[in-house]
2 protein chains.
Amino acid sequence: MQSMTSLNKITDFRRPVAINLANRTATSACDDCAARHHGLCEALSDEEVGFLFRAAQRQTLPAGTVFIEEGEAAAYFYNVNSGNVRLFKSLPDGRRQITGFAGPGHFLGLAATEKNVFSAESMEPVRLCRFSRAALLSMFAEYPILERKLLDVAMHELVLGQQQMLLLGRKTAIERIASFLLSWAERQDVCSSGALPKPHSSLTLPLSRTDLADYLGLTIETVSRSLSTLKREGLIEIPNIHEVVLLRPQALSDIAEAAV
Amino acid sequence: MQSMTSLNKITDFRRPVAINLANRTATSACDDCAARHHGLCEALSDEEVGFLFRAAQRQTLPAGTVFIEEGEAAAYFYNVNSGNVRLFKSLPDGRRQITGFAGPGHFLGLAATEKNVFSAESMEPVRLCRFSRAALLSMFAEYPILERKLLDVAMHELVLGQQQMLLLGRKTAIERIASFLLSWAERQDVCSSGALPKPHSSLTLPLSRTDLADYLGLTIETVSRSLSTLKREGLIEIPNIHEVVLLRPQALSDIAEAAV
DNA sequence: GCGCCTCCATGACGCAGGTCAAACCGCCCT
DNA sequence: AGGGCGGTTTGACCTGCGTCATGGAGGCGC
């Protein structure tokens, strides 16, 4: 049991690292950051965060800004401080596949080679910390825990990616919508990982129907129709366009997982 | 230019590591391994490989053995020495999505939490090195380069995963087949990364039509029909069931990327 | 309040790809 | 050589979802 160490907990095996005296200005700036205790930064001490802070450039972007462009040289990594971001790939004729969303604390840029293999666009006003590749690489040498944490992050994204492949390759429209609602509930901490949300849990969807369609590999019409079906059958309520109430999570789960 | 260090080359920044005298028996066993100069092991010195060797259990499996089962406790990591393996997720009603293939040198188990989130099955007789989580974690402390290399591996898999999401979510049947053929050519080193294979390049497909269908989110009938269409139009030749000749890679690429 | 614009819902219809069925093709076994 | 068997191809048909079109609902400027 004890030996069954979670692989997503490899950060538990922290090596001792040299601690330098971070300047207080830096640290306290991070104190106010919504991402201070999420994602990458949560694994770091105040001193380490201070070091990271000094290596970062801060950016504030209005909604709808594409700040990572597929095919461009991949010069930077990003950490989201506030706001939500959509990640996507496009085909020349305009077809788009959203591969994921990044909110506060999420680290961007792991799926990259020399060129970015995806684009990123702010869905709302967004604040970011930006790191050059060189800066991040040099930080690895100083703070090995970063590397370890990034491996955790990458592993988690691999898990999500595989789930999404099953969804896109093999699930029906209704199953995709049900799966999405439950995974979004988990993301919003409405329920603990793996558990079902309580009946009548309410979700906020900062995404448009178009985003939803491009994420689930459907059209907006099919998304709309599937949501209507779930509503008609009493599994969800849609008080307004950006809100969904999960009336019967178990029934949603049965659909999402194609329970027999 | 020089500062544009590839992120997939972060292993270039090797920290000095303690080198212990590996016993020669171990090292020479690895010398014969097809995976010695691929994937994880390629990043390691003989001494490091020797250490890894002693931490590993070797397994030989016949074709069709499921050795990682979705939902089971994730106790081990694997490194493939020889043979090919399919990775997949299933729904209770039997629908299956193959999320990837692993050949010699590939490392398995990164997409895992406490439970495996995918299954793995040998497609042919396979030899593996198996590591318990605990063993791998303790190796991280001794050989940080492992962690770094695994981050590289994970990042590369994220890139592949995003490509596959675009394919599954937004491409037509023919586009999927064309994309697959080109990516398989790249995998088989028929062409360098990013470049097109030469006209008349020949590919070996160790996969059945069923595998192909489950990988591409199609049915075997559609896979078969799409291959026939490409053949009829003179883009490929199919001398036998496990071989495909790419007559006009550029035309395939135009289809795969939906060139306008 | 009014017009405009964007996003969403819903209905009618079409088609890419799924389903069902039959023929075909090695390949092994005797 | 013949027969059985699993995998593949091909054809005929069907359907889930995409496409196209229309109407509605909310937001925003003036």
Side-chain angles (χ1 to χ4, degrees), chain A residues 62-64 86 91 93-98 123-124 167-181 204-233 236-244 255 258, chain B residues 63-64 86 91 93-98 121 123-124 167-181 203-233 236-244 255-256 258:
Chain A
R86 59 181 150 247
L91 291 171
D93 61 6
R95 278 174 283 172
R96 185 177 74 153
Q97 178 65 42
I98 293 182
M123 299 164 69
E124 28 188 12
L167 181 151
L168 293 171
R170 289 300 182 212
K171 291 190 181 179
T172 66
I174 288 259
E175 289 166 357
R176 294 181 199 205
I177 296 288
S179 301
F180 167 78
L181 290 173
T204 308
L205 300 185
L207 354 133
S208 69
R209 296 289 183 261
T210 303
D211 283 337
L212 209 33
D214 284 348
Y215 182 51
L216 300 179
L218 300 169
T219 59
I220 53 172
E221 292 93 333
T222 301
V223 167
S224 189
R225 274 189 261 268
S226 302
L227 284 169
S228 297
T229 302
L230 290 177
K231 184 169 68 175
R232 198 174 332 112
E233 307 204 330
I236 62 173
E237 238 165 37
I238 308 178
N240 68 69
I241 211 77
H242 288 299
E243 207 171 329
V244 174
I255 293 175
Chain B
R86 62 183 148 244
L91 291 171
D93 61 7
R95 278 175 283 173
R96 185 178 75 154
Q97 178 65 42
I98 293 182
E121 179 181 4
M123 299 163 70
E124 26 188 13
L167 181 150
L168 293 171
R170 288 301 182 213
K171 290 190 180 177
T172 65
I174 289 259
E175 289 166 358
R176 294 180 199 205
I177 295 288
S179 302
F180 168 78
L181 290 174
L203 294 186
T204 309
L205 301 185
L207 352 138
S208 69
R209 296 292 183 259
T210 304
D211 283 337
L212 209 34
D214 284 348
Y215 183 52
L216 300 178
L218 301 169
T219 58
I220 52 172
E221 292 93 333
T222 301
V223 167
S224 188
R225 273 189 262 268
S226 302
L227 283 170
S228 297
T229 302
L230 290 176
K231 183 170 69 177
R232 197 175 332 114
E233 307 203 332
I236 62 173
E237 238 165 37
I238 309 179
N240 68 68
I241 211 77
H242 289 300
E243 206 172 330
V244 174
I255 294 175

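Here the structure is a predicted model, which is why all the values come from computation and not from measurement. A note on names: the letters A, B, ... follow the listed sequences, proteins ahead of strands, and every chain is numbered from 1.
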J.: Nearest 0.5 angstrom please: A:I220 CD1 to A:D211 CG, how far?
T.: 11.0 Å
J.: Over how many whole Å does the gap from B:E221 atom CD to D:dG11 atom C1' extend?
T.: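 Those two atoms, CD and C1', are 11 Å apart.
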J.: Grab the two heavy atoms, one from B:I238 and one from B:R209, that are nearest each other, plus how far apart they are.
T.: CG2-NH2, 4.3 Å
J.: What are the two closest non-hydrogen atoms of A:A258 and A:E175, and how far apart are they?
T.: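 Closest approach of A:A258 to A:E175, heavy atoms only: CB-OE2, 4.0 Å.
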J.: Starting at CD1 of B:I238 and ending at C1' of D:dT9, how long is that distance when rounded to a whole Å?
T.: 10 Å
J.: Nearest whole Å is fine: how far is D:dA25 P from A:I241 CD1?
T.: 12 Å
J.: I want to check one thing: is the phosphate of D:dG7, taken as OP1 and OP2, less than 4.0 Å away from some side-chain N or O of B:T210?
T.: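 It does not, given that no N or O in the side chain of B:T210 lies less than 4.0 Å from OP1 or OP2 of D:dG7.
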J.: Would you call A:V223 and A:R176 a side-chain contact if the rule is heavy atoms closer than 4.5 Å?
T.: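 No - every pair of side-chain heavy atoms lies 4.5 Å or more apart.
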J.: Do A:L205 and A:F180 come close enough that some side-chain heavy atom pair is under 4.5 Å?
T.: yes
J.: Side-chain contact, heavy-atom cut-off 4.5 Å: A:Q97 with A:L91?
T.: no
J.: Just how far is it from atom CG of A:L227 to atom OG1 of A:T222, taken to the nearest 0.5 Å?
T.: 11.0 Å
J.: Hey, does B:L230 have a side-chain heavy atom less than 4.5 Å from the side chain of B:I255?
T.: yes
J.: B:L205 has an atom CG; how far is it from atom P of D:dG7, in whole Å?
T.: 17 Å
J.: Taking side chain as C-beta onward, heavy atoms only, is B:T210 less than 4.5 Å from B:R96?
T.: yes
J.: Taking N or O atoms only and anything under 3.5 Å, show me the protein contacts with nucleotides 14-18 of chain C, one pair per line.
T.:
unit_1	atom_1	unit_2	atom_2	d
C:dG17	OP1	B:A173	N	2.9
C:dG18	OP2	B:T219	N	3.3
C:dG18	OP2	B:T219	OG1	3.1
C:dG18	OP2	B:T222	OG1	2.6

J.: Could you give the CZ-to-C1' distance, from B:R95 to C:dT19, as a whole number of Å?
T.: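 One finds 15 Å between C1' of C:dT19 and CZ of B:R95, rounded.
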J.: Under 3.5 Å for both pairing distances: what stems, at least three Watson-Crick or G-U pairs long, include DNA chain D?
T.: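 Expected stems, ordered by start: C:1-30 with D:1-30.
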J.: Rounded to whole Å, please give me the gap between CG in A:N240 and C1' in C:dC7.
T.: 13 Å
J.: Nearest 0.5 angstrom please: B:D214 CG to B:I98 CD1, how far?
T.: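 The CD1 atom of B:I98 is 5.0 Å from CG of B:D214, to the nearest 0.5 Å.
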J.: Counting any heavy atom closer than 4.0 Å, what does A:I220 reach on the DNA or RNA strands: base, sugar-phosphate only, or nothing?
T.: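 Answer is nothing: A:I220 stays at 4.0 Å or more from every strand.
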J.: If you define the side chain from C-beta out and look only at heavy atoms, does anything of B:D93 sit under 4.5 Å from A:R170?
T.: no
J.: Does B:L227 reach a base, just sugar-phosphate, or nothing at all? Heavy atoms under 4.0 Å.
T.: nothing
J.: Could you give the NE2-to-P distance, from B:H242 to C:dG26, as a whole number of Å?
T.: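 Value for this atom pair: 13 Å.
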J.: Looking only at side-chain atoms of A:S208, point me to the closest of C:dA9, C:dC8, C:dA21.
T.: C:dC8
J.: Check the phosphate of C:dT10 against A:S224, side-chain N and O only, distance under 4.0 Å to OP1 or OP2. Yes or no?
T.: no
J.: CG of A:L212 versus P of C:dA9: gap in Å, rounded?
T.: 10 Å
J.: Say you draw a straight line from OG of B:S208 to CD1 of B:I241; how long is it, rounded to the nearest 0.5 Å?
T.: 9.5 Å
J.: Could you list all N or O pairs between the protein and nucleotides 4-6 of chain C that sit under 3.5 Å apart?
T.:
none

